Amino acid sequence: MNALIFANPAILFGLIALPVIWWLLRLTPPRPKAEIFPPLRILATVLKREETPSKSPWWLTLLRMLLAAAVILAIADPVMNPRANSLNAGGPLVLVVDNGWATAADWERRVQTANLLIDDAESADVPVSITFTADASHEAVPGTAAAARDKLTAANPKPLVPDRARAAQAVREAMNTTRPGTLAILSDGMAAASDNEAMSTFAALSPAEMRLIEGDGHSAVVLTDAVNNAAAMSVTATRLSTTSAQQMNVNALDAQGRALASGTLQFAAGAATATAEITSPFELRNDFARLSIDGLATAGAAHLLDDGFKRRRIALLAGESGSDFQPLLQPLYYISRALLPYADVIQPNTADLSVAIPQILQGNPSAIILADVGRLPSETYAPLQRWIAQGGTLIRFAGPRLAAAPADDPLVPVILRQGERALGGAMSWSEPQSLADFPSFGPFAGMPRAADITVTRQVLAEPTPDLAERTWASLSDGTPLVTEKEVDAGRIVLFHTSAEATWSNLPLSGNFVEMLRRLVQLARASGAASGAAAEGAAATLAPYRLLTADGVLTTETGTARPIAIAANQVPVASFDHPPGLYGTEDGFTAVNLLAPKTVIARFDPTTAGRPLVREGLAGGEAVSLRPALFAAAFALLILDSLVVLFMNGTFSRGSGGRRRPSGAAAAAIAALAFGLFALTPGQSKAQEMAPGAGAKPGDEQILERLDTTHLAYVTTGEQDVDRISEQGLEGLSQFLTYRTTLEPGAPVGLDITKDELAFYPIIYWPISATAPMPSQAAISRIDAYMRNGGTVLFDTRDQYSSLGGGGTTPNGERLQAILANIDIPPLEPTPTDHVLTRSFYLLTNFPGRYTGSPLWVEARQEAKNTGAQLSSSGDGVTPLLITGNDFAGAWAVDSQGAPVLPTVPPDEMQREYAYRSGVNIMMYMLTGNYKADQVHVPALLERLGQ
């Protein structure tokens with residue numbers, strides 16, 4: 001074994017010239033030394049005979065001889081290389097070369113190593129079989145060394161995981177019964193799923209010797225997963241070498257390759273995985289097109305992103321806001337918590353749907369979810385339909401309001417029957433229904449059926465020929481639970497049960513979260529008119545851009561085949577489908593190298609069951625001395641130059657001191673900067689402390705209205721009607737002050753087109769057919785007021801007129817016109833066990849100036865057909881009351897406190913009961929269903945044993 005060889009041994013003949021160089025350097029005198037002062041000595045020197053040294057100093061000559069020898073040896077390129085030809089000549093050389101993604105970083109060294117082995121085989125006159133494990137096809141029949149070199153030159157790294165088992169099978173078939181002399185595996189160092197099978201096949205060939213040649217593996221790092229969370233993006237990576245701690249930067253790039261943000265991977269010592277957080281705004285994260293590890297150019301260090309990765313912007317709207325004190329009963333409670341990990345959830349800052357929906361559409365959300373919204377403002381239907389047609393996704397949940405909505409709603413995917421199906425009612429079940437298995441099509445395909453999910457109420461769809469095709473989930477009796485309809489580029493999806501747990505326990509299950517997540521993934525990430533939405537069934541996508549082994553996207557698709565990607569499945573690269581983007585420019589799906597949560601490990605060849613010789617790649621064991629010799633020659637040259645300068649007296653002459661720069665200017669600049677810094681905050685604070693800053697007109701009136709409870713009424717524009725309303729509420733306020741602890745302030749007349757409505761717990765609205773019809777904007781403000789928890793008491797004041805049996809009165813028709821564009825819940829006459837009948841006084845009816853008209857309230861959905869003495873739906877307050885008994889007419893008093901209008905028929909007790917009705921209504925508005933808990937007193941006493 002040679003300990004030292006020279007790449008250019010002929011250059012060593014230059015060493016013969018060293019004696020000649022010695023002789024020349026000895027005869028070459030140094031430069032004469034100059035003496036400048038005194039003048040007399042100069043003159044004496046001039047008069048002397050010229051003398052020069054006969055030879056240079058011996059130590060200077062030796063120094064220059066060493067310099068010349070170092071240059072000659074460096075040009076000869078001495079290499080410490082103990083490698084020797086040790087192939088077994090008893091059979092062919094079998095080379096199995098990994099050319100997967102991890103070999104891109106040191107591919108040239110692998111080619112060099114393979115070439116050296118082929119050279120050894122050529123010297124030993126044995127055939128060579130060479131196989132590449134990441135190639136789709138193999139030709140492993142042994143051939144000449146020249147043919148093996150040609151195959152090696154044509155080979156290149158592939159952005160794939162090697163399949164050693166397939167390569168081993170090809171070698172076994174090519175060798176037939178021939179026994180290899182040396183079987184060398186040039187491994188990338190990483191384990192693969194089929195390694196056991198591959199090593200068993202290699203061992204069965206019975207080679208005379210087996211070699212395993214590996215690199216160091218330090219550069220093998222793979223990005224395996226990226227999750228776009230609510231506040232940041234989480235990136236997961238795995239590495240091969242875990243011996244020491246390691247820090248790497250991960251860059252997020254846009255489609256043009258520009259870095260938008262970055263994070264840091266911190267691998268602890270001994271850890272194979274690490275996670276980086278890339279914090280950036282939601283909109284910027286949706287521009288990420290790929291991730292890459294800084295300093296690594298491999299397919300594993302690149303992670304492609306597609307439309308499915310982007311966080312969707314989801315807008316939530318509800319038919320009623322619910323109570324903040326009872327969040328579990330709010331319609332959007334479970335929806336928002338199910339979506340927060342996967343989407344950017346937004347909610348409008350107003351309950352006025354005529355204002356909220358246009359604001360939402362301006363933000364172009366991916367999807368809009370409506371929870372129990374039955375009737376939308378008429379002017380919002382057209383923009384919503386345009387948004388859906390351009391690619392938006394509308395998801396709706398049923399509820400009492402939707403059940404009572406008109407059947408011709410264009411924003412419902414199927415035709416609905418009026419009313420809802422419930423236990424014990426018409427078309428009722430004998431027991432709660434469970435879910436059926438999800439169909440093989442649609443986004444829920446493959447989800448396991450949860451046997452513990454039951455549904456007690458639902459809205460039913462009218463049977464149509466295509467109903468089964470548009471049903472994504474159904475109950476065990478076959479009735480639809482989730483239906484959909486495609487509208488041009490968008491779709492409408494309907495859950496036939498409610499979004500909270502009153503109609504079913506679906507919102508309490510994990511299936512609810514998964515169903516919403518899958519529906520959100522169907523929506524386009526950038527909203528309407530962008531990208532291609534994934535379909536429920538498997539879609540076949542052609543290769544669009546493929547990733548090279550160096551981590552670069554290219555348009556060369558080669559032999560890649562179209563890939564069939566089913567909904568909610570993460571595709572993984574294979575020989576037929578290498579990593580890249582599949583689809584078109586309008587929409588594509590990313591196929592990455594490894595599946596999420598993959599952890600790479602070291603290749604274990606011991607499963608072969610026979611000894612192996614481990615080696616490193618060529619260049620690792622060979623040490624070239626050329627750089628060290630050139631460095632030594634350069635150092636000797638510098639030393640020689642310094643010696644010559646010293647001998648010439650360069651360092652003995654003074655060069656003069658350099659004047660140090662003055663610090664006065666720097667001090668002046670620092671003082672000026674400090675003064676400006678100190679001045680700026682003071683001015684800002686002075687502006688903040690300016691008196692009256694932030695005050696707005698009308699604040700005093702708002703504080704006054706908030707300080708005291710006021711009864712409010714809607715001004716109709718008719719003087720007589722508005723005067724009676726004011727006097728009526730003044731009379732009720734006096735009665736409340738006299739009989740209860742509530743002391744209301746003066747009644748307030750409201751212009752519903754501009755006044756703030758949220759200050760008042762209840763608004764009295766006297767209906768007049770001769771008054772101007774309220775605008776749609778005013779009606780939308782009333783709708784928003786009721787959604788936010790307020791109550792409107794509509795009084796048609798026409799009970800006396802309807803006694804003649806003439807049917808609907810003009811005031812009643814006007815009320816129907818007003819309510820036509822308001823999403824009202826189902827109504828019913830006040831039941832005898834309702835909280836209104838006992839909130840303060842015990843009442844059986846609610847008379848006003850007239851008697852006989854029922855007081856209509858929101859229907860109690862949970863109390864129907866159950867026998868339970870519940871007091872209200874959702875333990876809330878009805879958003880509207882409707883009567884025709886003219887309450888204000890019975891309450892109205894003049895400045896002396898005397899009644900203004902007589903009751904019909906004249907009866908002072910009727911007026912007294914009218915006042916009591918007003919007291920009960922006010923107590924109900926202010927306390928909610930507090931007294932509903934009285935119905936549980938017998939059960940509580942029984943439990944206590946009393």
Side-chain angles (χ1 to χ4, degrees), residues 228-230 282-283 285-286 306-319 331-348 353 356-373 376 380-381 383-399 402 409-414 442-444 470 472-473 482-499 506-507 511-536 567-568 587:
N228 205 353
N229 296 315
F282 159 76
E283 292 80 6
R285 276 181 280 136
N286 273 4
D306 55 19
D307 192 65
F309 159 82
K310 300 177 180 178
R311 287 180 66 85
R312 273 64 170 166
R313 186 188 298 273
I314 310 298
L316 306 184
L317 292 171
L332 300 177
Y333 179 83
Y334 299 101
I335 296 177
S336 60
R337 278 152 183 79
L339 291 177
L340 279 176
Y342 311 107
D344 185 42
V345 177
I346 59 173
Q347 298 187 39
L353 295 184
I357 291 179
Q359 289 179 351
I360 288 174
L361 294 180
Q362 287 180 359
N364 197 19
S366 300
I368 298 177
I369 297 181
L370 302 180
D372 190 23
V373 177
L376 294 170
T380 62
Y381 279 93
L384 270 174
Q385 289 173 306
R386 286 195 300 270
W387 172 78
I388 296 172
Q390 294 171 359
T393 299
L394 179 66
I395 304 174
R396 305 190 65 172
F397 283 84
L402 183 62
D409 190 343
L411 298 181
V412 175
V414 294
F444 308 142
R470 292 198 276 133
W472 282 349
V482 181
T483 55
E484 67 89 28
K485 178 178 71 173
E486 293 186 0
V487 181
D488 294 335
R491 57 167 47 88
I492 302 173
V493 181
L494 172 64
F495 281 77
H496 289 241
T497 188
S498 64
L506 175 63
N511 279 48
F512 185 73
V513 178
E514 181 63 15
M515 292 170 76
L516 283 181
R517 187 189 69 82
R518 295 193 178 196
L519 288 178
V520 165
Q521 289 301 110
L522 288 182
R524 293 177 173 176
S526 54
S530 67
E535 297 298 331
N568 303 292

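Below, each value reflects all heavy atoms present in this structure, side chains not excepted, and no hydrogens, waters or symmetry copies. None of these values were measured; they are calculated from a predicted model. In what follows, residues are counted from 1 in the order of the sequence shown.
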Set of side-chain contact (heavy atoms from CB on, under 4.5 Å) partners for [X], sequence neighbours left out:
{"X": "D488", "value": "A389"}
{"X": "V345", "value": "L316, L339, L340"}
{"X": "T393", "value": "A367, I395, R491, A523"}

Does [Y] offer a backbone N or O that forms a donor-acceptor pair with the side chain of [X] under 3.5 Å?
{"X": "Y381", "Y": "L376", "answer": "yes"}
{"X": "D372", "Y": "F397", "answer": "no"}
{"X": "R312", "Y": "Q521", "answer": "yes"}

Closest non-hydrogen atom pair between [X] and [Y], with its separation:
{"X": "A489", "Y": "Q390", "result": "CB-C, 4.0 Å"}
{"X": "A371", "Y": "P331", "result": "CB-CB, 3.9 Å"}
{"X": "A343", "Y": "I314", "result": "CB-CG1, 3.6 Å"}
{"X": "V493", "Y": "P413", "result": "C-CG, 4.4 Å"}
{"X": "L332", "Y": "L317", "result": "CD2-O, 3.7 Å"}
{"X": "L361", "Y": "P383", "result": "CD1-CB, 3.7 Å"}

Side-chain contact test, heavy atoms from C-beta onward, threshold under 4.5 Å: evaluate it for [X] versus [Y] and give yes or no.
{"X": "V414", "Y": "H496", "result": "yes"}
{"X": "I368", "Y": "I357", "result": "no"}
{"X": "R313", "Y": "I346", "result": "yes"}

So, taking the atom named [atom1] in [X] and the one named [atom2] in [Y], what distance separates them when rounded to the nearest 0.5 Å?
{"X": "I492", "Y": "T483", "atom1": "CD1", "atom2": "OG1", "answer": "10.0 Å"}
{"X": "W387", "Y": "N364", "atom1": "CH2", "atom2": "CG", "answer": "8.0 Å"}
{"X": "L402", "Y": "D409", "atom1": "CG", "atom2": "CG", "answer": "7.5 Å"}
{"X": "S366", "Y": "L519", "atom1": "OG", "atom2": "CG", "answer": "13.0 Å"}
{"X": "M515", "Y": "L506", "atom1": "CE", "atom2": "CG", "answer": "5.5 Å"}
{"X": "L516", "Y": "Y334", "atom1": "CG", "atom2": "OH", "answer": "13.5 Å"}

SB check R285 D344 (cutoff 4.0 Å):
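Not counted as a salt bridge, because no side-chain N and carboxylate O are separated by less than 4.0 Å.
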Should the pair W472 and F444 be assigned to parallel (<30°), tilted (30 to 60°) or perpendicular (>60°) ring geometry?
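Taking F444 first and then W472, their aromatic rings stand perpendicular (interplane angle over 60°).
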Y333 ring centre to R337 NZ or CZ under 6.0 Å, with the angle to the axis within 45°?
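Cation-pi check for R337 and Y333: passes.
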